[in-house]
Amino acid sequence: MKLLVINGPNLNLLGVREPGIYGTLDYNGMIELVRTECAEAGIETDFYQSNHEGDLVDVIQDARGKFDGIVINPGAYTHTSIAILDALKAVALPAAEVHISDVTKREPFRQISYAGMACCVHVIGQGVAGYGMAARQLAEKIQKGQVC
Ligand code: DQA
């Protein structure tokens with residue numbers, strides 16, 4: 001089982017960026033945490049982060065045939081990017097949406113998730129632990145053939 005964990009804009013600044021909302025663990029620390037948690041569950045992970053929408057579309061397209069599924073936190077592109085939604089639908093890989101913060105309790109402009117419309121797992125507001133939770137839930141669905 002091999003999953004690609006994709007992070008969008010500003011998530012490279014984890015630990016520095018609004019720590020009251022996103023926590024104090026930095027991006028590399030998050031990778032180590034998620035990699036370890038996933039490895040314990042028999043899930044291999046690769047990680048990709050970009051601040052650019054087109055790069056995120058490219059990496060989603062490239063995942064086809066290389067990964068069993070995608071875990072994605074598109075950052076602010078969650079709420080704006082039909083291109084990322086379309087890319088997820090185009091590759092038709094099982095996908096899980098992660099948000100570190102509880103976007104459901106934040107500003108009105110964060111209440112729509114385009115990427116989430118292509119995801120069959122949603123882990124929201126669980127901090128960085130949400131990545132590992134999403135990966136395990138997605139892997140379980142894939143293993144049971146309950147893919148979206
Ligand atoms: C986020 C929530 C988004 O609204 C925000 O733009 C982010 C991070 C989260 O993980 O909570 O960049 O996706």
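First listed ligand is number 1; within each ligand, the first listed atom is number 1.
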Revision key, fill the gap. Here the pair of heavy atoms bringing Asn10 nearest to Arg17 is O-CD, 3.5 Å
Revision key, fill the gap. re atom 1 (C) of ligand 1, the protein heavy-atom contact at minimum distance is His99 ND1, 3.8 Å
Review point. What residue and heavy atom of the protein are closest to atom 2 (C) of ligand 1, and at what distance?
Key: Val103 CG1, 3.5 Å
**Study point:** Option of least heavy-atom distance to atom 3 (C) of ligand 1 (set: His79, Gln126, Arg106)
**Key:** His79
Check your understanding: Between Thr104 and Gln111, do the side chains contain an N or O donor and an N or O acceptor separated by less than 3.5 Å?
Key -> no
**Study point:** Note: Asp102-Lys105 ion pair, threshold 4.0 Å (strictly below)
**Key:** yes
Practice item. Using atom types as modelled and distance alone, determine if a side-chain donor or acceptor of Thr78 lies under 3.5 Å from a backbone N or O of Gly75. Key: yes
Check your understanding: Of the listed options (Glu107, Arg110, Arg17), which comes nearest to atom 12 (O) of ligand 1 when hydrogens are ignored and any heavy atom counts?
Key -> Arg17
Review point. Judged by atom type as modelled, is there a donor-acceptor pair below 3.5 Å linking the side chain of Asp26 to the main-chain atoms of Gly15?
Key: no
Practice item. Give yes if a backbone or side-chain nitrogen or oxygen of Ile100 is under 3.5 Å from a nitrogen or oxygen of ligand 1, and no if not. Key: yes
Check your understanding: Regarding Asn51 and Gln49, is there a side-chain donor-to-acceptor distance under 3.5 Å anywhere?
Key -> yes
Point to revise | Any Glu97 heavy atom less than 4.0 Å from ligand 1 | key: no
Check your understanding: Which atoms form the tightest heavy-atom contact between Ser101 and Ile124, and what is the distance?
Key -> O-CG2, 3.7 Å
Review point. Does some non-hydrogen atom of Tyr22 fall short of 4.0 Å from ligand 1?
Key: yes
Practice item. Could you tell me whether ligand 1 has any atom less than 4.0 Å away from a heavy atom of Asn73? Key: yes
Exercise for review: Among all protein heavy atoms, pick the one closest to atom 11 (O) of ligand 1 and tell me residue, atom and distance.
Suggested key: Ser101 OG, 2.6 Å
